[in-house]
Amino acid sequence: MNADFTAEELQFEQEVREFLQNDFPADYREKIDAGIRLSKEELVHWQKILYKKGWAAPNWPVEYGGTGWTATQKHIFATEMGLIGAPEPVPFGMKMVAPVIMAYGSDEQKQRFLPDILESNVWWCQGYSEPNSGSDLASLKTSAVRDGDEYVVNGSKTWNTYGQYADWIFCLVRTDNSVKKQEGISFLLIDMKSPGITLKPIVLLDGHAEVNEVFFDDVRVSASNLIGEENKGWTYAKVLLTHERTNISGVPRGKRRLAALKRIASNTDDGFGGNMMDNTAFKKKLAEAEIELQALEYSELRTLAALSVGKAPGPESSILKIVGTELAQLMDELFVDLAGYHCLPFVPEQFEDGFQGESIGPGNSAAAALTYFNNRKLSIFGGSNEIQRNIISKAVLGL
Amino acid sequence: MDFSNTEEQQMLQESVQKFVHKSYDFDTRNKIIDSDKGYSEENWQLFAELGWLTVPFSEADGGFGGSAVDLAVMMEEFGKAMLVEPFIATAVLSGGLISAQGSAEQKAEILPQIMEGKLQLACAYAEPGSRYNLANIKTTAVADGDSVVINGDKTAVLNASNAEVLVVVARESGEATDSEGISVFLVDAASTGISIHAYANVDGKKAAEISLKDVTVPASARLGSAATAFSALQATIDRATVAVSGEAVGAMEALLHKTVEYSKTRKQFGTAIGTFQALQHRMADMFIECQLARSIVIMAAMKLDSGDNQLEKTKAVSAAKSRVGKAIRKVSQEAIQIHGGIGMTEELDVGHLFKLVTAVEIMFGNTDYHTERFASL
């Protein structure tokens, strides 16, 4: 039993580190540190830098332009990205729809869609959840009715992240109402410019509209955009959900945030002549968060080590989702604790790119509450943490 | 990176499992606890023959290798079966301290006897007022010619009533909480001036309060050099902390397993209680706690075995003990709750596992202590 990297892996780690130091734009790094969101153009630009390096798609097979990395190399790459704060690829194309196209799409679909995803020429968004279908996703109602060579789509999708940027949307649609709910679902790719699609931004608690509701009103979609067979969409979607559970723990980002907490705490007055690192209650919570992060890190390494000897990612990875998200949310609380009064000003625009006014509060303390609010999503999306507990109960404990 | 057990670790694991399957069921264990000594000498001999008593010791000391990961893997199996034999007291604590602090001669004399199962020891470090501060030693050792006279009180001394030799931590100089000035002495348990008040702990293991009044030992009974034993003591306790944390991981696995199985058979309202989501999620959380505890014990054991500096090691041990302690409370309390009334009874093993892990939570510093120590390092 050992947690050591091999000499080759250490060398790879060094290579990734140097690349990120040199090629991840310094102004992006500053913005991220200051709590400012990167724009679509900046995210795409960064993704194209990775593409040029050949590292755009760590998880793709080599034949589609992936890296061919081992599980450990992918882990090292994700770790270094997280430590420096570089954004991961926007997941909807790269991590969500692409694996489904690779596994179940036709050759024509692969050639048509995959290269543009790899090069970040086309921005994808997700059409899964509906206003009345959250955790019970299979109850979805958006319908696609075959009409000659086309489907006619009606209904609405919600919690659609960055749909305002998207060129394409992948959707789960109902193509058969007469069978069990899971058996009448199909996987359809839809051009966002299609007539009949409208987008309604949803402003979240942090004042930002990162999600939308998408309405489909007699939207005509070529049948050639159906993935695989009609009514098999649920199977395809499930495959997508059970994969990509690696790198979900957020350990590298957690380490970065923990370091920030320590840095901010020692520069924050406790009001009694010392700083917040002298505050016993805060210090204890911080220590608990750090300990949890270590337990999570080694849990992830154990999962990874199992992967690298060829074991499939088991439902145990639900642990990483639950613990990773709950720990991230705990850290959000610690940032709020540190900011005190300074997290109360609700001025979201000062964290928008190009804000020219005078910032309120020291550092980006006013972002603490915004992040705290926004990150409540973590335990809700990607299969809510309750759904993850259902998975553990059934698949691991056999209940 | 490889988190699977080595062949040797697998052999150790299987060896303990085989022994437990054959000769350590719940009733047998209860009889052993009720016996005079509170452990089975026959089992102890068998442990020696199976080589288990060599596991904590380095090859240089004539042992199996002294890896903390090996130790944790073995202790996990001990925890599942709740072995009460004084492995921690004799081999890990006493043997560990002798190995870390003793001279070559002292080691050559004592360690083989431990590994061969011929000698029982007890390590007397904690005192009534010391809580978990290892440097808080008020017991005095005063040199008198070629002798040393020891006075003081010791608490929670595991295996003291069975020990032929007591490994006594005493102060030769400095203030009561200085880390400088601490020495360790090998004291014949039958020496004049020693009184031992023995009892069984909540987990069935024997322990005692000891008072030492003008106990006189030769200066040669001192392990290594005078007043320098603190770091050896801390390293030994750190290792023992990882060992009992491994024991707790095993016991928690057993608690989880028994609880899940019980919930599949116990019927209320016409259905197995394991079908209720209110209980399923709690068992899922127990599973998560078990996994996190296992991960962090592996981390701490690996750090102890690595070349990292002492501070890093101590910090990792505190991280592990703190997290395991949190898991202990959660997993053991939920196990009782989900079993309901039957979980409260003496007749069911679940309650005994509960008591075992409750003892581990306290041993060598509880959760709060280790969280604070982690934060302070």
Side-chain angles (χ1 to χ4, degrees), chain A residues 1-6 9 70-72 75-76 262 277 280 282-309 311 315-323 326-327 385-399, chain B residues 1-6 9 67 69-70 72-73 256-257 259-261 263-264 272 274-277 279-289 291-303 305-306 315-316 318-324 326-327 367-368 370-376:
Chain A
M1 222 188 269
N2 72 84
D4 305 328
F5 289 141
T6 63
E9 286 162 353
T70 63
T72 307
H75 167 78
I76 289 170
K262 287 181 178 175
M277 281 309 269
T280 332
F282 178 80
K283 212 172 143 186
K284 184 166 182 237
K285 284 198 268 184
L286 185 67
E288 284 168 348
E290 188 171 359
I291 290 168
E292 194 74 353
L293 187 61
Q294 294 183 352
L296 178 63
E297 180 180 15
Y298 272 73
S299 297
E300 186 176 36
L301 290 176
R302 285 173 54 209
T303 307
L304 180 66
L307 278 180
S308 59
V309 293
K311 291 181 188 153
E316 288 90 346
S317 58
S318 290
I319 295 175
L320 303 180
K321 200 270 170 171
I322 295 173
V323 180
E326 291 177 2
L327 177 58
N385 288 14
E386 287 68 34
I387 292 291
Q388 302 300 331
R389 286 181 171 90
N390 286 348
I391 293 173
I392 292 175
S393 309
K394 289 192 172 54
V396 184
L397 304 179
L399 291 168
Chain B
M1 194 164 34
D2 177 10
F3 285 82
S4 49
N5 286 333
T6 62
Q9 285 157 0
S67 133
V69 176
D70 293 350
V73 165
L256 171 65
H257 177 72
T259 305
V260 168
E261 291 312 308
S263 80
K264 288 177 185 169
T275 61
F276 303 147
Q277 199 178 39
L279 299 192
Q280 288 179 348
H281 282 197
R282 291 161 71 168
M283 289 186 268
D285 283 337
M286 289 168 74
F287 171 72
I288 292 172
E289 290 296 302
Q291 291 298 317
L292 292 176
R294 173 184 298 276
S295 296
I296 205 154
V297 170
I298 290 174
M299 178 196 84
M302 283 177 169
K303 294 250 182 197
D305 290 342
S306 76
K315 203 166 173 175
S318 274
K321 187 62 171 33
S322 164
R323 192 61 189 79
V324 167
K326 192 173 159 190
T367 308
D368 284 346
H370 279 287
T371 309
E372 282 195 357
R373 187 171 82 156
F374 178 87
S376 72

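Here is how names work: the chains are called A, B, and so on, in the same order as the sequence lines, proteins then strands, and each is numbered from 1.
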B:Glu261 versus chain A, the contacting section by heavy-atom distance below 4.5 Å: neither

Chain B contact via A:Ser299 - which portion, at a heavy-atom distance below 4.5 Å: both

Value rounded to 0.5 Å, distance of OG in A:Ser393 from CZ in B:Phe276: 14.0 Å

Approximate separation, where rounding is to 0.5 Å, of B:Phe287 CZ and A:Ile322 CD1: 9.5 Å

Atom group of B:Met302 that falls short of 4.5 Å from chain A, counting heavy atoms: side chain

Max heavy-atom pair count under 4.5 Å with chain B, selected residue of A:Glu297, A:Glu9, A:Glu292, A:Lys394: A:Glu292

For the student: nearest non-hydrogen atoms of A:Tyr298 and B:Ser295, plus distance: CB-O, 3.6 Å

Option that, when pairs with chain B are counted at under 4.5 Å, heavy atom only, ranks first among A:Leu301, A:Val396, A:Val323: A:Leu301

Inter-residue atom distance A:Asn2.CG - B:Ile298.CD1, 0.5 Å rounding: 11.5 Å

Candidate pair A:Asn390 and B:Gln280, rule side chain to side chain donor-acceptor pair (under 3.5 Å), full reasoning: CA-CA 7 Å; A:Asn390 286 348; B:Gln280 288 179 348; over 6 Å; no

Heavy-atom proximity to chain A below 4.5 Å, by part of B:Val297: neither

From B:Met286 atom CE to A:Ile392 atom CD1, the distance as rounded to the nearest 0.5 Å: 13.0 Å

B:Thr371 portion near chain A, given a 4.5 angstrom heavy-atom threshold: both

Separation between OG1 of B:Thr259 and CG of A:Leu397, rounded to the nearest 0.5 Å: 10.5 Å

Interface residue of largest heavy-atom contact number with chain A, from B:Gln9, B:Lys326, B:Arg294, under 4.5 Å: B:Arg294

Any residue meeting salt bridge (charged side-chain N to carboxylate O under 4.0 Å, His left out) with A:Glu288, in chain and number order, not counting sequence neighbours: A:Lys284

When B:Asp305, B:Asp70, B:Asp368, B:Val260 are compared by non-hydrogen pairs under 4.5 Å with chain A, the top option: B:Val260

Residue part contacting chain A, namely of B:Ser263, when any heavy atom lies under 4.5 Å: side chain

Derivation of the side chain to side chain donor-acceptor pair (under 3.5 Å) call for A:Gln294 and B:Arg323: CA-CA 10 Å; A:Gln294 294 183 352; B:Arg323 192 61 189 79; over 6 Å; no

Atom pair NZ/CD1 of B:Lys321 and A:Ile291 - distance to nearest 0.5 Å: 12.0 Å

